[in-house]
Amino acid sequence: MKPELHLTARSAWLDPPPPKRAGPDRSFWTALAAAVIVASLGLALASGRLRDYAPFGPYSVSVPLTFKPYDPARWAIMNAGDYEDALKIDPTLPDPNSVGYADATALPPVDPAALRDEAFVGPPAKSYVFRGVTPLDRERAHYCLTAAIYYEAASETDDGMRGVAQVIINRARHPSFPNTICGVVFQGSQRAGVCQFTFSCDGAMARAPSKPNWLRASRIASAALGGYVFPKVGLATHYHTQAIWPRWGKSLVMTNIVGAHIFHRWRGRWGMPDAFRAPYLGREPVPGPYLPVAQQLAILKGQGIAPGAGPLPAVAGAAVPLPDVAPAPTPSAMAQQGRETGTPTAQAPVTPPVTYSDPRLNQSGQIKEEFSKSGEWIR
């Protein structure tokens, strides 16, 4: 019998096998499901839900106890009818009459406005009393701070003056600045153009101050040196007027705007309360400005040396001595006999203003127009 021959011919008209779909295949989804099951089991074990099941055994923990859950003596005292019965059980009980509950006072209510200001401004400075070694040191510190407050904020309100005073106090307590009041106020005034406070090297002190504003600045300076803290500027060590924005403004943290000035403090650790711990030396240097006012005026008029180059050289010709007078009257000179420095006094006789002109310098007794109204009130 002839065997059958089975031949399979590939048909040319059959469809090609379908292409694989793009994306995860079945093995990927299987592995993902297994991972989810394992993670869920581990989470259940960690949470302790499966610890009570028989396959995992009972859950137990041992905590050492160092106290008695029941003390009969203390329990008897707590259940005593009055103090005499409790005193029989424990004679060491304190006398309740020894505590004056009537003298106890509750804490004052918190001012929401003060909390809001502190959150915006930052922590306030700590109170510090500046005591000079000698009465002369105290008088110098008072004069220097009064002069800075007057020439920087004479047209400001009391808060504007207090902000300037607080900045100077903060600088005197910071290790980055001199640790004396006069040293802070007149820092850099020995060279034109590099002073820390503009009034000490721009000729502003050539004009005698007005008595009412000087006395107001003197009272604020006395309070600041006595420990008064103005919290609205916080730990500010820099300020500038709203008319300008210096280059260093972006590197500091703005604390507040008081009057015409914008106040800033250091960033980071230098701006925190722990940084303001420099001790006050108590020895005040001679008040400035250390570059004479006549030389400042000459430099401003282009008749002197360039800013930052140092003192003015001697002028050829006959030597005419410069006027040896104080830049501004001291606070003690503006108070009557027997009255505290800085308090309002009776109207004193009008005295002619001090002349600062020097024959060697052209127009040395005049003030530039932009400084002519310095110290006057804004009406």
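Reckoned from all heavy atoms, side chains included, excluding hydrogens, waters and symmetry mates. Because the structure is predicted, anything quoted here is derived from the model rather than measured.
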Is there a path of hydrophobic side-chain contacts, each under 4.5 Å between heavy atoms of I, L, V, M, F, W or Y residues, that connects Leu281 with Val185?
no

So if you build clusters from Ile, Leu, Val, Met, Phe, Trp, Tyr with side-chain heavy-atom gaps below 4.5 Å, do Val229 and Ile168 land together?
no

Would you say the side-chain atoms of [X] pair up with the backbone N or O of [Y], donor to acceptor, closer than 3.5 Å?
X: Asp137; Y: Arg283; result: no
X: Gln296; Y: Ala204; result: no
X: Thr237; Y: Arg265; result: no

State the [atom1]-[atom2] distance between [X] and [Y], to the nearest 0.5 angstrom.
X: Cys201; Y: Phe186; atom1: SG; atom2: CZ; result: 11.0 Å
X: Met161; Y: Glu156; atom1: CE; atom2: CD; result: 8.5 Å
X: Arg162; Y: Asp158; atom1: CZ; atom2: CG; result: 5.0 Å
X: Cys144; Y: Ile149; atom1: SG; atom2: CD1; result: 11.5 Å
X: Tyr151; Y: Thr146; atom1: OH; atom2: OG1; result: 11.0 Å
X: Ile262; Y: Leu252; atom1: CD1; atom2: CG; result: 12.0 Å

List, one per line, each side-chain donor-acceptor pair under 3.5 Å for residues 83-91, sequence neighbours excluded.
unit_1, atom_1, unit_2, atom_2, d
Tyr83, OH, Leu93, O, 3.4
Tyr83, OH, Pro94, O, 3.3
Asp90, OD1, Thr92, N, 3.2
Asp90, OD1, Thr92, OG1, 2.6
Asp90, OD2, Arg74, NH1, 3.2
Asp90, OD2, Thr92, OG1, 3.4

Taking all non-hydrogen atoms of both residues into account, name the closest pair between [X] and [Y] and its distance.
X: Ala125; Y: Leu235; answer: CA-CD2, 3.5 Å
X: Ala165; Y: Leu145; answer: CA-CD1, 4.2 Å
X: Val258; Y: Phe263; answer: CB-CE1, 3.7 Å

Mind checking salt bridge (Lys or Arg N to Asp or Glu O under 4.0 Å) for Arg131 and listing every partner two or more places apart, or none if nothing turns up?
none

Taken in chain and number order and not counting sequence neighbours, the residues that satisfy salt bridge (Lys or Arg N to Asp or Glu O under 4.0 Å) with Arg277 are Asp274

Please determine, by modelled atom types, if Arg171 and Gln196 share a side-chain donor-acceptor pair under 3.5 angstrom.
yes

Do Gln166 and Tyr228 have side-chain atoms, one donor and one acceptor, less than 3.5 Å apart?
no

With a 3.5 Å cut-off and sequence neighbours excluded, list the donor-acceptor pairs that the side chains of residues 27-39 form with protein atoms.
unit_1, atom_1, unit_2, atom_2, d
Ser27, OG, Asp25, OD1, 2.9
Ser27, OG, Asp25, OD2, 3.1
Thr30, OG1, Arg26, O, 2.9

Report yes or no: is the cationic atom of Arg138 (NZ for Lys, CZ for Arg) closer than 6.0 Å to the six-membered ring centre of Phe130, at no more than 45° off its axis?
no

Assess whether side-chain hydrogen bond (donor to acceptor under 3.5 Å, both in side chains) is satisfied between Ser218 and His142, documenting all intermediate values.
CA-CA 7 Å; Ser218 178; His142 187 197; 3.0 Å; yes

For residues 174-183, tabulate all N or O donor-acceptor pairs below 3.5 Å that involve a side-chain atom, not counting sequence neighbours.
unit_1, atom_1, unit_2, atom_2, d
His174, ND1, Ser176, N, 3.1
His174, ND1, Ser176, OG, 3.2
His174, NE2, Trp270, O, 3.0
Asn179, ND2, Ala172, O, 3.2
Thr180, OG1, Gly183, N, 3.1

Can you give the donor-acceptor pairs under 3.5 Å from side chains of residues 243-251 to other protein atoms, not counting sequence neighbours?
unit_1, atom_1, unit_2, atom_2, d
Ser251, OG, Trp248, O, 2.8

